[in-house]
There are 2 protein chains.
Amino acid sequence: MATIYDIAKKAGVSTATVSRVLNGVNHPIKEETKQRILQIARELDYRPNVIAKSLAGGKSHTIALIIPSITNDFYTQICEVIEEKLEQKGYHTYLCNTRRSVEKESRYIESLIARKVDGVIFSPTRVKPEDNHVNLKNIEKLKKHGIAVVAFGSQFKGVSQIYINTYQGAFDATSYLINLGHKRISFIDGLSAGTRKSRRRGYIKALEEAQINFDPSLVTAGNLRMEDGYSCTLELLKLKNPPTAILAANNLMAIGALKAARDKGLHVPGDLSVIGFDDSLLSMVVDPTLTVIKQPLKEIGEAAFKLLINQLEGKQKLETIQLNTYIIKRESCGIPKKRG
Amino acid sequence: MATIYDIAKKAGVSTATVSRVLNGVNHPIKEETKQRILQIARELDYRPNVIAKSLAGGKSHTIALIIPSITNDFYTQICEVIEEKLEQKGYHTYLCNTRRSVEKESRYIESLIARKVDGVIFSPTRVKPEDNHVNLKNIEKLKKHGIAVVAFGSQFKGVSQIYINTYQGAFDATSYLINLGHKRISFIDGLSAGTRKSRRRGYIKALEEAQINFDPSLVTAGNLRMEDGYSCTLELLKLKNPPTAILAANNLMAIGALKAARDKGLHVPGDLSVIGFDDSLLSMVVDPTLTVIKQPLKEIGEAAFKLLINQLEGKQKLETIQLNTYIIKRESCGIPKKRG
DNA sequence: CTCCTTTAGGAAACCGCTTACCTTAATTAT
DNA sequence: ATAATTAAGGTAAGCGGTTTCCTAAAGGAG
């Protein structure tokens, strides 16, 4: 493997000159010398040793993406856009999958510090409320080591972040159902989502604005899996005055609701309307196809990238970008039937 | 940030001793000295500079996983098991997403060589047949640089690899349909899958064994997307003597087939049986739920890990592991109705 | 023709750690 | 008692670059 030293020898110059040429440093070099060095580098099939570069230069030109799951579209689609942009900027990306384990998240943070990554885009893993504390500590550690940090999916003070307005999303979804004529609207909340409270607030706010009484018996919560949506829905349908529409905190629970309705012999959307959060192929494959509140994945990725670059280039240390959700209307919502 | 040098100074020893203690090198050290050094390291909150370690030691203790897509369960599930095992062995994992671009694959290979990864687990991207040549070149490059390589998903000579017996899978799927009583069985092949030929062979072999004439008009191919399965199915159903069962090369096309059947007013499995390759949440969410040939993801991951470790530890340089698929019976296949 | 800038390039310290090769003292073997 | 080991630790040369000073020659100004 050719080194910068080999090139220097063959070109009859010093390694300093070679390094300057190869890195386009702002230092005068005779055009002829430059070309000669480049030519020799090509002949020798030279590739810089990135590790040596990092050690000498202090920058690793590597960014880490920390996400709770790589088997979840929501994250991987965001990652794809971030990674694409980073590559264009000459950064390499580490994808770190915490598998929803804060311990693993912490271990990754250690490892990334040791690996001297330049920046981290971070979607914290929060299973229990206490995890928030660990998340915060991890962010502090990174910052202490001079690593740029951007967070999305949860809110922290003192960090550049993407804030997704799920409050508005829940509000819009609920309002949509209200406008269709629904009055008994259930909300199946997620037990451990980072943005829990805001969804619930949006739901309640929409009811208020339409002057519909908030009925706590219409609100439950599940663990974001299909079976949770299924069982919650069965419970809701047992009420003396059951809902005519259900808003679920994610798409899996919404699909569970769909299944429950079918098993109960209810027609969707005729007898029950269902709307979910988060879009994916799943939403288009179920029957009826699922109306959802979609988070703007591409924009999230682009925003995260932008905030990170701003930090790396020293332009802006701390900023927040707010993004809105939007509704994708498919088949699972409709006008409620009059009840007998 | 504390360095090994700081520790040495504080402990009144040389960096050599510190390095030995910290790495548990086989070199005698007085227990007392050892404890003192460890204690000081703790006090100083010392973390080794992984970059310097790599440069000095020649090993980066990093493995790269190269896959064509991170938004595809098939790959991400395999990655999860590999990564888990690698972490236990003290390796860090880079996840590289080629997005089905051979150019990107090649760029990653360059980058990984420069980053001195110790090994690569590689699922080649092959969109056009010519890509095979690029894949091979990339593998050669890695090997030339002394990097351990394990491949899965395609076959190459001279590389440790996991071979998944999709021939058998297609054979089993077809035989299953035959045993249910089907005689007109269609096969919707994938246009660019690495294992194309073997699936087709398995399909034909099953027909042969059951002494059913192979009818080429029952075989088409699509581009592995839902809409391809949909349109192919519509074409097949237009035949004067249409199939009573369809075997699709992946699950998305199988789901497309399901949709086509429904749009044609056909009942699945009453009027048409459908079986797909590759399992995912999607298969369980559609109605009817999809019977599939599943590839043993966990085993693939474990096998890939094993082959890689064998190479890294110098036990075995070149080996192949063969794994079988298995059928998951759900609702989309049944006994064909007698035709009038 | 001086004096000051530029232009072009080199020397070598440094990044943080590993490791081959030594040294010295303490054991053990003979 | 002497030679041969072993234990415990040190020295310093890398690993492959980057970068801060320097130097020397050439160009421009006065």
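Atom set for the values below is all heavy atoms of this structure, side chains included, hydrogens, waters and symmetry mates excluded.
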The correct set of residues in residues 44-51 of chain B placing a heavy atom under 4.0 Å from DNA chain C is Y46(B), P48(B), N49(B)
Review point. dT18(D) phosphate, OP1 or OP2: any side-chain N/O from K53(A) under 4.0 angstrom?
Key: yes
Within residues 26-35 of chain B, the residues having a heavy atom closer than 4.0 Å to DNA chain D are H27(B), P28(B), I29(B), K30(B), T33(B)
Whole-Å distance, D6(B) CG to dG16(C) P, equals 9 Å
Side-chain contact check for V13(B): nearest option of dC15(D), dG10(D), dA12(D) is dG10(D)
Inset, instruction - Determine, for R99(A) against E83(B), whether the closest basic-nitrogen to carboxylate-oxygen distance falls under 4.0 angstrom. - result: no
Rounded to whole Å, the CE-P distance (M1(B) to dC15(C)) equals 15 Å
note: Y5(A), atom OH; dA12(C), atom P; distance rounded to Å ~ 12 Å
Rounded to whole Å, the CZ-P distance (R115(A) to dC15(C)) equals 22 Å
query: Reckon T17(B) has a side-chain N or O less than 4.0 Å from the OP1 or OP2 of dG10(D)?
result: yes
query = Can you check whether I66(B) reaches L112(B) side chain to side chain, under 4.5 Å on heavy atoms?
reply = yes
Whether T3(B) contacts dG16(C) is assessed here as follows: a side-chain N or O lying under 4.0 Å from the phosphate OP1 or OP2. Is that the case?
no
Would you say the base of dT20(D) and the side-chain of R20(A) have a donor-acceptor pair closer than 3.5 Å? yes
Residue set satisfying side chain to side chain contact (heavy atoms under 4.5 Å, CB included) with T33(B), at least two apart, ordered chain then number -> V13(B), T17(B), I29(B), K30(B), R36(B), I37(B)
query = Looking at K298(B) and E84(B), does any basic side-chain N land under 4.0 Å from a carboxylate oxygen?
reply = no
Checklist line | Min side-chain heavy-atom separation E80(B)-T76(B) under 4.5 Å | finding: no
Of L55(B) and G57(A), the one whose nearest nucleotide on DNA chain D sits closer to the 5' end is L55(B)
Candidate pair V50(A) and H61(A), rule side chain to side chain contact (heavy atoms under 4.5 Å, CB included), full reasoning
CA-CA 9 Å; V50(A) 180; H61(A) 261 245; over 6 Å; no
Separation of dC17(C) atom P from H61(B) atom NE2, nearest Å, is 16 Å
For K141(A), does the NZ atom sit with more than 12 other heavy atoms under 6.0 Å from it, leaving out its own atoms? yes
In whole angstroms, the gap separating C1' of dG9(C) from NZ of K9(A) amounts to 20 Å
To the nearest angstrom, the NZ-C1' distance between K59(A) and dG16(D) comes to 19 Å
Check ion pair K89(B)-E313(B) (N to O, under 4.0 angstrom):
yes
From the list R126(A), K137(A), Q155(A), side chain to side chain donor-acceptor pair (under 3.5 Å) partner of N132(A) resolves to R126(A)
- So, is S19(A) close to the dT18(D) phosphate, meaning a side-chain N or O under 4.0 Å from OP1 or OP2? yes
